[in-house]
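As structure tokens, the structure follows; a few thoughts come after it.
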Amino acid sequence: MKPSSLSGLPAGVGDALEAEGVAELYPPQAAAVEAGILEGESLVAAVPTASGKTLIAELAMLSAVERGGKALYIVPLRALASEKKAEFERWEDHGVTVGVSTGNYDSDGEWLATRDIIVATSEKVDSLVRNGAPWIDDLTCVVSDEVHLVDDSHRGPTLEVTLAKLRRVNPGLQTVALSATVGNADVIADWLDAELVESDWRPIDLRVGVHYGNAINFDDGSQREVRVDRGGDQTAALVADALDTEADGQGGSSLVFVNSRRNAESAARRLGEVTASRLTDDERDELRELASELRDVSDTETSTDLASAVEEGAAFHHAGLASEHRSLIEDAFRDRLVKCVCATPTLAAGVNTPARRVIVRDWRRYDGDYGGMKPLDVLEVHQMCGRAGRPGLDPYGEAVLLASSADTMDELFDRYIWAEAEPVRSKLAVEPALRTHVLATVASGFASTREGLLEFLDNTLYATQTDDAGRLESVTDRVLEYLEINGFIEREWSGNRETLTATGIGHTVSRLYLDPMSAATMIDGLREACADGGDDRSADYAFSGTGVEGDGDGIETSEGEGDDGPFGTYSLSDVDAGAETGAGAGGANGESAGEEKTEGAARELTPLGLYHLVSRTPDTYELYLKSGDRETYEELLYEREEELLGDAPSAYDDVNFEDWLASLKTARLLEDWASEVDEDRITERYGVGPGDVRGKVETAEWLLRAAETLARDVEGVDGDAVLAVREARKRVEYGVREELLDLAGVRGIGRKRARRLYEAGIESRVDLREAEKAVVLGALRGRERTAERILEHAGREDPSMEGVRADRSASAAATAGSASDEDGSGQANLGDFG
DNA sequence: CCAAACCCGAACAGTAACTGCGTTT
DNA sequence: ACTGTTCGGGTTTGG
């Protein structure tokens with residue numbers, strides 16, 4: 001079937017596809033066309049990765065647009081949203097417009113209603129439905145990418161409910177679901193009233209095998225000798241073998257999947273020995289350049305470790321990396337500059353990074369709930385293997401699992417290679433999932449009675465899969481009760497019908513996309529802070545029945561001395577001291593503006609208290625306590641318990657107390673960030689990567705913004721509290737102390753530059769507009785372009801830096817002894833102005 | 001002859017990943 | 001389960 005022979009597509013699309021090299025549709029694509037996707041038929045396509053799924057979706061969407069409709073493409077990851085958008089934008093030449101919407105990025109100002117194709121994450125779509133985006137009604141085609149993720153216990157229910165809602169709003173909606181090959185694609189097709197196209201066909205051959213001894217044993221019975229030196233390592237031998245085997249004129253790169261971040265890093269370091277010896281001089285130069293870019297991304301150990309691995313031609317990839325790190329690595333790997341990437345599952349399902357050879361080194365991963373090392377799901381291993389083989393570049397792809405014994409080899413064949421992926425099973429019928437979706441369903445008017453709600457839920461995959469309808473009902477009842485008690489919904493009997501309505505707050509919570517439990521936690525905390533009677537706060541904070549309460553009065557004693565131990569030379573009081581002297585030098589009263597703002601409240605609402613509050617909601621992913629942390633944070637808890645909101649659990653209530661401390665740990669990470677503690681210090685102190693810090697900050701930002709809205713809407717929370725929340729939010733957002741908030745709000749000024757400007761006597765936007773340019777330039781390390789941009793953003797009439805000579809004296813004081821920090825990368829340390 | 005450097009094995013600790021908001025001050 | 005790190009004891013090495 002030739003693309004140009006297809007009817008129903010916008011003019012020129014068929015020819016354009018052929019010009020791209022699509023001479024003939026792949027069999028699954030042809031099957032999809034036969035199933036009627038060009039005429040608006042719904043379809044489930046369960047086919048391997050990289051077998052042309054996206055084109056199936058494109059054909060459906062483009063024909064829908066040609067008929068005057070509008071299409072939505074739902075992706076599981078934000079990174080995929082931008083990737084898909086870029087891909088679809090090639091149709092703009094044919095008059096098809098594309099937009100994206102994710103949590104952190106909306107299409108450039110252009111209102112989505114005017115776009116023909118919209119790409120969004122499932123959560124974003126859910127949120128758009130809740131907020132009543134007008135164009136939702138106009139949709140005629142929806143594509144759900146990686147639909148097998150409905151199986152995911154956290155995010156699956158959202159996808160499931162969202163698809164059900166979209167189909168409910170628009171009964172004629174064409175639904176195209178793209179899935180990996182799973183055990184029960186037919187069930188998904190049933191649920192979506194769709195045709196099913198199922199196939200194992202792949203455009204490039206994929207050979208899967210197990211390496212054991214000195215050879216890979218492939219699934220087709222063939223073998224390939226790959227010798228491992230005595231005491232040598234299988235992975236290294238396989239990576240070397242791939243590199244030494246020229247196919248298309250080059251050796252092949254490898255993607256190695258391992259089960260922990262640490263393993264990824266150490267494997268990359270080791271494999272660097274293999275790749276380094278096979279680099280050309282040009283590659284070495286380019287890699288050095290890439291390494292220096294990587295180092296500039298963030299001033300952390302992770303960053304330098306990554307850079308040094310990359311210099312050898314190997315890299316690691318995991319969620320602890322900053323997103324800039326990740327995309328640099330992904331791009332360089334695609335360009336074949338980086339020869340080998342050692343990754344955690346981030347890369348298995350994420351953006352498209354194929355390799356000639358995939359090595360699944362670890363097939364078990366630690367799982368606390370499971371109580372040890374749990375074998376990976378078949379589906380997950382298949383997804384990893386599916387990354388092997390780059391269409392158009394590699395003649396074939398190879399996926400290799402590693403075995404150290406003949407028994408293991410047999411097990412791997414049985415467990416993964418011959419095995420079919422697990423069936424997809426809905427995870428909807430659990431309280432956390434239903435809590436949020438029941439509220440949203442009621443709030444956005446999809447149901448107004450208990451029966452209506454159950455009827456709506458009957459359209460979900462769960463309902464078509466379960467034979468225990470009572471379970472969904474009983475969980476729903478529990479959830480309704482919870483929502484009523486917390487004031488998010490009202491239940492009223494009129495005659496024999498019970499009506500459900502969302503309260504004002506209920507609506508707000510639904511629109512803010514909060515888990516109702518998070519909202520309840522935040523509301524309680526804020527109310528408590530504002531409640532009359534700050535005096536009996538000790539009552540709230542007594543560690544009820546633990547025997548600890550007696551210490552309540554003497555806790556202050558630990559202040560000042562407690563900081564030294566766990567963190568070596570550094571302590572929070574050091575930061576305070578540093579920043580205060582800093583503020584003093586700047587000639588400002590660096591103290592207590594925060595206190596003034598909150599003095600009307602019944603009790604002081606401090607950033608730490610608020611960070612702790614949002615950190616213990618179910619919407620924040622927990623930071624785990626490591627050994628020794630328990631003592632550290634117990635001590636911190638005693639020192640600062642007056643700042644914390646809500647009732648601390650008893651120290652004998654092990655689980656809850658640990659959670660409380662873990663949230664405190666997260667809270668202090670945020671406080672450190674908002675106090676200008678260096679990124680590398682934070683990563684070191686909390687044992688996380690730069691990517692984790694960014695993630696925590698982002699979450700806190702979002703939740704505090706939501707808290708601010710709640711604080712305004714809810715009874716019993718006063719205006720001072722709103723201000724305190726806002727300030728705490730802005731401080732994490734910019735990562736600065738209070739006195740820098742004004743400066744850091746200017747585009748182009750981050751936490752480091754703000755501090756330097758401040759130390760140079762430029763303390764506000766107004767100062768920026770009026771200060772001597774020489775001083776500004778000096779504070780910005782003589783970077784003229786940067787200085788001009790900043791002045792422009794600050795609204796200065798004449799931002800030009802032409803002919804201005806930097807006044808170094810201004811910044812000299814602030815940067816004493818760090819002459820080497822002239823690279824403009826903005827890596828000032830707190831220590832620099834101590 | 002003694003102390004510092006070095007080496008080895010045992011004991012121990014730690015363990016993947018993802019998305020969510022709203023325009024006002 | 002597995003790996004990387006730490007720690008302690010014993011050995012080697014250098015002055």
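A, B, ... follow the sequence lines: proteins, then strands. Residue 1 opens every chain. None of the values given here were measured: they were computed from a predicted structure.
Nucleic acid contact class of A:Arg364 (heavy atoms, under 4.0 Å, all strands): sugar-phosphate only.
Exactly one residue among A:Thr344, A:Ile359, A:Leu347, A:Val381 makes a side-chain contact (heavy atoms from CB on, under 4.5 Å) with A:Phe257. That residue is A:Leu347.
The closest side-chain donor-acceptor pair between A:Ser260 and A:Asn263 falls under 3.5 angstrom. Residues A:Ser518 and A:Thr521 bring no donor and acceptor atom of their side chains to less than 3.5 Å of each other. Side-chain N/O atoms of A:Tyr513 and A:Asp126 include a donor and acceptor closer than 3.5 Å. In summary, the side chains of A:Thr508 and A:Arg712 do not present any donor paired with an acceptor at a separation below 3.5 Å, with no hydrogens or angles considered. Checked by atom type, the side-chain pair A:Thr102/A:Asn104 shows a donor-acceptor distance below 3.5 Å. Counted by atom type alone, A:Ser426 and A:Glu160 present one or more donor-acceptor pairs between their side chains at under 3.5 Å.
A 3.5 Å limit on both hydrogen-bonding distances identifies C:dT13 as the Watson-Crick or G-U partner of B:dA3. As the counterpart of B:dG22, no nucleotide is assigned, since no Watson-Crick or G-U wobble pattern has both distances under 3.5 Å. Using Watson-Crick or G-U wobble geometry with both donor-acceptor distances under 3.5 Å, B:dC8 finds its partner in C:dG8.
Between A:Met373 atom CE and B:dG14 atom C1' the separation is 11 Å, expressed in whole Å.
A:Leu163 CG to A:Leu72 CG: the interatomic distance, rounded to the nearest 0.5 Å, is 9.0 Å.
Considering only heavy atoms from C-beta on, A:Ile118 stays 4.5 Å or farther from A:Tyr73 through its side chain. Contact of the A:Glu411 side chain with the A:Trp363 side chain is registered, since non-hydrogen atoms from C-beta on lie closer than 4.5 Å. Counting only heavy atoms from C-beta outward, the side chains of A:Met517 and A:Thr617 never approach each other to under 4.5 Å.
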Self-check item: Heavy-atom protein contacts under 4.0 Å, nucleotides 8-13 of chain B, coded B base, S sugar-phosphate only, - none
Solution: -----S
Quiz item: Along nucleotides 17-25 of chain B, 5' to 3', which nucleotides get a B, which get an S, and which get a -, given that the test is a protein heavy-atom distance under 4.0 Å?
Solution: BBSBBB---
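One P atom belongs to B:dA16, the other to C:dG4, and the distance between them is 14 Å to the nearest Å.
First and last contacts of DNA chain C with chain A, using any nucleotide atom under 4.0 Å from a protein heavy atom and ordered 5' to 3', fall at C:dA1 to C:dG4.
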